[in-house]
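What follows is a short report on a single structure.
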Amino acid sequence: MERTTRYTKSHRLILEALEIPLQNYPELISRIKDGDLYLLMCELDHACRYIQDAVANTARFEVKPSPAQFQDSEKIRPIIELMQKELEGRANQE
């Protein structure tokens, strides 16, 4: 079992999103209301950036995310991009 760090909450959110196959996202995203989709996208983006920024930070003694947490944060980017494209498409239709 992975130890709990300040990155655990962000990683759990990412893992939950990764449980759904990427090919299922376009249909799911199309059914989510604009505001809810935007909030979900922001939360996932924040979780992703939080982990990636911590790895990139050069502070020597800072607790860093695990390699698995970092790898999962990289896997979530295509999902965030799908959400962003959907929201942009909706905005252009209006």
Side-chain angles (χ1 to χ4, degrees):
M1 175 130 187
E2 198 170 315
R3 69 187 179 111
T4 301
T5 66
R6 62 179 137 185
Y7 309 106
T8 302
K9 183 178 177 185
S10 294
H11 189 232
R12 282 189 189 134
L13 178 63
I14 290 169
L15 287 177
E16 196 172 315
L18 290 174
E19 285 179 7
I20 300 169
L22 184 61
Q23 64 268 19
N24 293 359
Y25 267 94
E27 182 184 341
L28 292 172
I29 289 171
S30 70
R31 290 192 246 155
I32 300 174
K33 293 178 184 177
D34 292 1
D36 294 337
L37 182 57
Y38 180 76
L39 288 174
L40 178 59
M41 182 186 72
C42 289
E43 286 294 320
L44 287 172
D45 186 58
H46 174 74
C48 176
R49 287 177 194 267
Y50 185 60
I51 290 173
Q52 291 178 349
D53 289 349
V55 170
N57 187 348
T58 58
R60 207 169 149 203
F61 298 107
E62 180 181 315
V63 174
K64 299 286 185 183
S66 71
Q69 289 172 328
F70 180 74
Q71 289 168 352
D72 290 339
S73 73
E74 290 187 320
K75 292 177 193 172
I76 201 71
R77 185 63 45 204
I79 295 170
I80 295 169
E81 289 171 4
L82 282 174
M83 292 176 177
Q84 185 175 5
K85 286 178 185 171
E86 174 69 21
L87 286 169
E88 288 171 357
R90 291 179 188 181
N92 290 336
Q93 288 177 352
E94 292 176 0

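A quick note: this is a predicted structure, and the numbers were derived from the prediction, not measured. Numbers for residues simply follow the sequence, beginning at 1.
Heavy atoms from other residues, nucleotides or ligands lying under 6.0 Å from CD of Glu16 number 12 at most. Within 6.0 Å of atom CZ in Arg90, more than 12 heavy atoms from other residues, nucleotides or ligands are found, so the atom counts as buried in its surroundings. Around CD of Glu88, the count of heavy atoms belonging to other residues, nucleotides or ligands within 6.0 Å exceeds 12.
Connection of Leu40 to Tyr38 is established within a shared hydrophobic cluster, with ILVMFWY side chains joined at heavy-atom distances below 4.5 Å, either directly or through further cluster members. Linking ILVMFWY side-chain heavy atoms closer than 4.5 Å, directly or via other members, places Ile14 and Tyr25 in a single hydrophobic cluster.
In this structure, OG on Ser73 lies 9.5 Å from CG on Leu18, to the nearest 0.5 angstrom. Atom NZ of residue Lys9 and atom OH of residue Tyr50 lie 10.5 Å apart, to the nearest 0.5 angstrom. One finds the CD atom of Gln52 at 11.0 Å from the OG atom of Ser10 (value rounded to the nearest 0.5 Å). The distance from atom NZ of Lys75 to atom CG of Leu22, rounded to the nearest 0.5 Å, is 12.5 Å. A distance of 11.0 Å separates CD in Gln84 from CD1 in Ile29, rounded to the nearest 0.5 Å.
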Report the C-alpha separation of Ile79 and Met41 in whole Å, then their side-chain angles, then the decisive distance to 0.1 Å, and conclude whether the side chain to side chain contact (heavy atoms under 4.5 Å, CB included) test is met. CA-CA 8 Å; Ile79 295 170; Met41 182 186 72; over 6 Å; no
Asp72 and Ile51: CA distance, side-chain angles, deciding distance, side chain to side chain contact (heavy atoms under 4.5 Å, CB included) verdict: CA-CA 10 Å; Asp72 290 339; Ile51 290 173; over 6 Å; no
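Salt-bridge check for Asp36 with Lys33: failed, with every basic side-chain N at 4.0 Å or more from each acidic carboxylate O. Under the 4.0 Å criterion applied to side-chain N and carboxylate O atoms, Glu81 and Arg77 are not assigned as salt-bridge partners.
Two residues are said to be in side-chain contact when any heavy atoms from C-beta on lie closer than 4.5 Å; Glu86 and Leu82 fail this criterion. Using a 4.5 Å heavy-atom cutoff, the side chains of Met83 and Asp45 are not in contact.
Taking both residues in full, the closest heavy atoms of Ile20 and Asn24 are given as CG2-CB, 3.9 Å, listed atom of the first, atom of the second, then distance. Leu13 approaches Ala47 most closely through the heavy-atom pair CD2-CB, 4.2 Å.
When atom types are taken as modelled, the side chain of Gln69 and the backbone of Ser66 share a donor-acceptor pair closer than 3.5 angstrom. Judged purely by atom type and a 3.5 angstrom limit, Lys64 uses its side chain to pair as donor or acceptor with the backbone of Ala54.
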